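Let me begin by presenting the structure, written as structure tokens, before commenting on it.
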Amino acid sequence: MAPQTPRSAALLVSPVRRRIVDTLEELPLFSADRTPNRSTGLTAAEVGERLGLHVTSARFHLEQLAGAGVLAATFHRHGTGRPQKRYAALPDRATAASPPDDAYRMLAELLTEALAPREGGALSPEDAGERWAHEHVRRLGAVDEELPRAQTPGQWLAKVGRVLDLMESWGYEPSVRTTDHGRTAEVALARCPFLSLAQSHTEVVCAAHRGLLRGALEVFGEPGADVTLEPFALPGICLARLTSPAVLSSESPVPGEESVRV
């Protein structure tokens with residue numbers, strides 16, 4: 001939730017409004033088809049249905065919360081009909097404002113590496129992140145052997161899971177789903193420990209994280225993986241897409257095309 005102002009704190013004294021905010025915060029980061037998620041949020045009618053409120057009452061409370069900056073309100077259009085006004089929870093900036101010491105140390109080290117003078121010129125933030133991963137991921141005990149390249153969707157997702165373990169240790173709350181028959185993992189990175197820094201210096205911080213993801217995958221035996229990072233694809237959440245460089249066998253079961261927590 002966004003930092004509380006006197007007005008927003010007063011609004012949340014109401015149990016009904018507290019339940020509304022909790023309901024929106026508990027939506028999944030990803031969803032199948034068009035079911036609601038943290039990005040799309042809910043309409044006033046959907047909130048009323050979930051909480052047993054008349055739509056007019058639900059809309060009144062939602063507008064009060066949106067006006068105080070507790071919720072985000074946006075219009076979504078499907079087809080040719082009138083756009084729907086939907087309400088969504090804002091990221092938990094209070095939690096994101098206190099990165100773990102390891103995360104701060106990691107970012108400081110790789111940015112120092114990027115700025116250090118060297119033959120051929122300084123490294124880019126992305127190259128620095130990749131180099132940091134190569135030098136530190138193995139030392140952190142995340143891998144102690146040479147790992148073969150993934151040949152099945154399950155083996156690939158296991159590699160992605162190791163990367164997510166690292167991201168969790170730095171303070172993120174990652175969720176992942178697979179697409180392209182398991183070859184691509186879409187990773188939503190919530191509770192970024194560097195949210196305020198990423199908002200003011202997006203390309204520097206996000207480039208460093210692309211390098212970290214790519215370097216970690218290389219350490220885990222996946223050189224050549226395609227790594228993209230979409231900053232703030234959802235409110236306060238970045239979306240990484242990790243695609244295996246191999247054509248994966250379909251002989252092993254593929255995880256469902258839905259949200260799973262690794």
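Hydrogens, waters and symmetry mates play no part in the numbers below; they use all other heavy atoms, side chains included. Computed from a prediction, not measured in an experiment: that's the story for all the values here.
- Atoms CG and CG, from L24 and L71 in turn, are 5.5 Å apart once rounded to the nearest 0.5 Å.
- Side-chain atoms of Y172 and V187, non-hydrogen and from C-beta on, never get closer than 4.5 Å to each other.
- Note: L229 CG to R214 CZ = 10.5 Å, rounded to the nearest 0.5 Å.
- Within a 6.0 Å radius of CD in E230, other residues, nucleotides and ligands contribute more than 12 heavy atoms.
- Counting all heavy atoms, side chain and backbone alike, T202 lies closest to F232 at OG1-CE1, 4.0 Å.
- Proximity of R50 to P36: side-chain heavy atoms (C-beta onward) are separated by under 4.5 Å at one or more points.
- Rounding to the nearest 0.5 Å gives a distance of 5.5 Å between CG of L239 and CD of E186.
- With T40 as the partner, the side chain to side chain contact (heavy atoms under 4.5 Å, CB included) test is satisfied by one option alone out of E46, Q84, R86: R86.
- Counting only heavy atoms from C-beta outward, the side chains of Q155 and P148 never approach each other to under 4.5 Å.
- No side-chain heavy atom of H181 sits less than 4.5 Å from a side-chain heavy atom of P153.
- Both V16 and V21 belong to a single network of hydrophobic side chains, linked directly or stepwise wherever heavy atoms of I, L, V, M, F, W or Y lie under 4.5 Å apart.
- Rounded to the nearest 0.5 angstrom, I20 CD1 and L62 CG are separated by 5.0 Å.
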I'd like to know whether R19 forms a salt bridge (charged side-chain N to carboxylate O under 4.0 Å, His left out) with E26, so could you lay out the CA-CA distance, the side-chain angles of the two residues, the decisive distance to 0.1 Å, and finally the verdict.
CA-CA 10 Å; R19 286 171 57 208; E26 290 166 3; over 6 Å; no
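- Here the closest heavy-atom approach between residue R210 and residue E203 is recorded as NH2-OE2, 3.0 Å.
- Between L51 atom CG and R17 atom CZ the span is 13.5 Å, to the nearest 0.5 Å.
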When you look at M167 and L213, which way does the side chain to side chain contact (heavy atoms under 4.5 Å, CB included) test go after all the steps?
CA-CA 9 Å; M167 303 305 284; L213 292 168; 4.1 Å; yes
I would like to know whether R162 and L166 meet side chain to side chain contact (heavy atoms under 4.5 Å, CB included); could you show each step before the answer?
CA-CA 7 Å; R162 289 186 175 221; L166 288 174; over 6 Å; no
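- Side-chain contact between R183 and T243 is present, with at least one heavy-atom pair separated by less than 4.5 Å.
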